[in-house]
Each structure stands twice: as structure tokens, then as C-alpha cells.
Amino acid sequence: MRSSSEEIAEAGYDEIAVPYQAWISSVGDDPRLGFLNDVLTRLPDQPVALDLGCGAGLPCTALLAEHGDTTGVDISAAQVELARHNVPKARFLKSSMRTLAFPAESFDLVTAFYSIPHLPRTDHAELFQRIAGWLRPGGILLATLGHKEIDEVADFFGAPMLTSSYGPKINSSLLRDAGLTVLTDQVLSWCEGYVTYQWVIAGKPG
Ligand SMILES: C[S@@+](CC[C@H](N)C(=O)[O-])C[C@H]1O[C@@H](n2cnc3c(N)ncnc32)[C@H](O)[C@@H]1O
């Protein structure tokens, strides 16, 4: 069953897909590609990748698809439509990351840029467990998580949106509870301090 937060995210991103993409692609100091290029050097050639909450697919799903077999998932039909247009090499599923199912050990890399905090924080532990199951031994999760305790619906580009997270300490301990090794754990701010996230790179032991 869908939760109300999923209905909020779906409706909100259907509405703001285009202005969100215009804004995010104008942010010059966004660290996504730096982190993504870093983890790609740690993985086998042609990694099989899953991008959770892929949005319009730019630039991250597109970079993943240049390197290997890539699946993007997003709850918003408008975002999935943009992503299919922008990244024809990848496959896209319209689904909530909460209800996805994949066979065990399907992916070398799971990424989630700015998407997990739209899911209620009470669902994060289970999501991390499922991601750990989807990763192959030696695989990597690269994710942005909330940098502080928060659980509120607020205006985002004119649409209501849930932001829900624990702080970095609990986030990292949930990842460890899921059997992942936290390799990088950094809280970063950019866009003149307007955007702050905890960046994590977590590995599945080989
Ligand atoms: C802030 S945008 C980030 C998009 C993209 N990852 C990027 O880096 O630009 C968050 C994305 O997560 C998606 N999303 C939110 N909740 C989701 C859920 N439960 N399952 C899958 N996607 C979700 C939204 O539709 C939106 O496209």
C-alpha cells in the first residue's frame, strides 16, 4: 500500500520536474559527479547500477549508463518520462524505492542522490537492508542522507514535500546494521550553504 508521503512525492515531482531540473543543473558546485566518478574507479568495468530517485536522469543516470547496464527508478511519472528522453541507454521504472524488488546480488552500485529523505525515516532501516541485499559482494552504495533530525512537510519549488531523516550518526549506524561498511561519511554544504547533506559511500564486504 502507498503511504501519504509517497503520494506527496509523486504529485510534487510531477508538478515541479521541469523547474527542479533547471535549478539543479544551474548549481555549479554540486558534488554529485565528483562522488560518482570516485566510486566508479572502485568498481569493476561496466558496473551494473541502480539509481534510486533518479529524477530526470541528468547528469548521474546518464554517466552511469555510459559505463554499464543501468536502471533508474523514480516515483514520479513526469521525472521518468524526462529520464527516458534524456538517457535512452538506461532502463527506467516508475516505482517507489520502498516497494522495489530485485533478485539478491543484482548490482555493483546503488546510488541515491537527494531522494531517500523524501521517504519517511522510519522506512530507512528497511530500505538499507534491501539495498544491501541487492548489492553484490564488493558492491557500493553511494547516497546522500539527511544531515539533521527532521520530519516535516514544507514548500519545495511551490509543492509540498516531505523531508525526513535521522542525523548522520544514526544514518551511519543503520547502514552498519544492514551489513554495510561505511567508507566515507561527510556532511557537506554547497550552493552558498543553501544545500546540506550527509554523503555516504558504503561497501558490501566482498
Ligand atoms: C531532489 S530529486 C533528485 C533527483 C535526482 N536524483 C538528482 O540528483 O537530481 C528527488 C527525486 O526522488 C524521487 N522520489 C521521491 N520519493 C521517492 C520514492 N519513494 N521512490 C522513488 N523515487 C522517489 C522524486 O520523484 C525525485 O525525482
Side-chain angles (χ1 to χ4, degrees), residues 1-37 39 49-65 70-87 90-102 109-124 126-128 130-131 134 141-147 150-151 153-165 188 190-191 194-200:
M1 206 175 98
R2 277 153 44 100
S3 65
S4 61
S5 67
E6 286 167 316
E7 285 165 11
I8 289 172
E10 179 173 4
Y13 276 99
D14 277 353
E15 191 182 326
I16 68 164
V18 171
Y20 169 77
Q21 184 57 29
W23 170 73
I24 189 87
S25 50
S26 74
V27 177
D29 53 353
D30 184 301
R32 284 174 298 179
L33 287 179
F35 278 99
L36 190 50
N37 279 310
V39 298
L50 172 67
D51 191 17
L52 295 173
C54 61
L58 297 177
C60 295
T61 331
L63 181 64
L64 290 168
T70 298
T71 303
V73 174
D74 204 284
I75 200 167
S76 152
Q79 295 280 52
V80 168
E81 192 182 330
L82 288 170
R84 286 191 175 127
H85 172 78
N86 290 334
V87 195
R91 94 179 52 79
F92 291 95
L93 305 174
K94 184 201 168 299
S95 170
S96 173
M97 65 179 90
R98 188 180 62 84
T99 51
L100 279 175
F102 293 106
L109 174 61
V110 176
T111 55
F113 300 101
Y114 319 141
S115 54
I116 291 175
H118 291 316
L119 201 63
R121 60 188 181 181
T122 48
D123 290 328
H124 292 187
E126 193 184 331
L127 177 67
F128 297 156
R130 294 165 74 234
I131 290 170
W134 299 333
L141 166 67
L142 167 62
T144 50
L145 305 175
H147 70 289
I150 186 168
D151 191 36
V153 174
D155 179 272
F156 186 62
F157 286 88
M161 196 65 69
L162 174 73
T163 303
S164 184
S165 75
L188 293 181
W190 64 98
C191 195
Y194 177 67
V195 186
T196 304
Y197 279 93
Q198 179 192 18
W199 284 87
V200 291

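Atoms within a ligand are numbered from 1 in the order they appear, just like the ligands themselves.
Residue-level proximity to ligand 1 for I75 is carried by backbone and side chain together, each with a heavy atom below 4.0 angstrom. Contacts of Y13 with ligand 1, taken as heavy-atom pairs under 4.0 Å, involve the side chain alone. When heavy-atom distances to ligand 1 are checked against a 4.0 Å cut-off, S95 comes that close only through its backbone atoms N, CA, C and O. Counting heavy atoms under 4.0 Å from ligand 1, residue E10 does not touch it at all. When heavy-atom distances to ligand 1 are checked against a 4.0 Å cut-off, A17 has no atom that comes that close, whether in backbone or side chain.
Interatomic distance, L141 CG to I116 CD1, rounded to the nearest 0.5 Å: 6.5 Å. For the atom pair CD1 (I75) and CD (E6), the distance works out to 4.5 Å, reported to the nearest 0.5 Å. Here D74 contributes atom CG and D51 contributes atom CG; the two are 9.0 Å apart, rounded to the nearest 0.5 Å. Taken from CZ in F92 to CD in Q79, the straight-line distance is 10.5 Å, to the nearest 0.5 Å. With values rounded to the nearest 0.5 angstrom, M161 atom CE is found 4.5 Å from Y13 atom OH. Atoms SG and CG, from C60 and D30 in turn, are 7.5 Å apart once rounded to the nearest 0.5 Å.
Residue-ligand proximity, A9 to ligand 1, at heavy-atom distances under 4.0 Å covers atoms 15 (C), 16 (N). The ligand atoms of ligand 1 that sit less than 4.0 angstrom from a heavy atom of L119 are 19 (N). Within ligand 1, counting atoms from 1 as listed, the ones closer than 4.0 Å to a heavy atom of F113 are 3 (C), 5 (C), 6 (N), 8 (O).
Protein heavy atom at the shortest distance from atom 19 (N) of ligand 1 is S96 OG, 3.1 Å. Nearest protein heavy-atom contact of atom 4 (C) of ligand 1 is G53 O, 3.4 Å. For atom 8 (O) of ligand 1, the closest non-hydrogen atom of the protein is R32 NH1, 2.7 Å. Among all non-hydrogen protein atoms, the one lying nearest atom 20 (N) of ligand 1 is M97 N, 2.8 Å. At the top of the distance list for atom 25 (O) of ligand 1, counting protein heavy atoms only, stands D74 OD1, 2.5 Å.
Between the side chain of T70 and the backbone N or O of A90, no donor-acceptor pair lies under 3.5 Å.
The shortest N or O to N or O distance between I24 and ligand 1 is not under 3.5 Å. Backbone and side-chain nitrogen or oxygen atoms of Q79 are examined, and one is located within less than 3.5 angstrom of a nitrogen or oxygen of ligand 1. The shortest N/O to N/O separation between S115 and ligand 1 does not fall below 3.5 Å.
Taking a 4.0 Å cut-off on heavy atoms, C60 fails to register as neighbouring ligand 1.
Scanning all heavy atoms of the two residues, the minimum distance from A78 to D14 falls at N-OD1, 3.1 Å. Across all non-hydrogen atoms, the minimal contact from G57 to V87 is O-CG2, 3.5 Å.
Shown here are the side chain to side chain donor-acceptor pair (under 3.5 Å) partners of T196, two or more places apart in sequence or in another chain: S189.
The aromatic rings of W199 and F35 lie parallel to each other, with less than 30° between the two planes, well short of the 60° mark.
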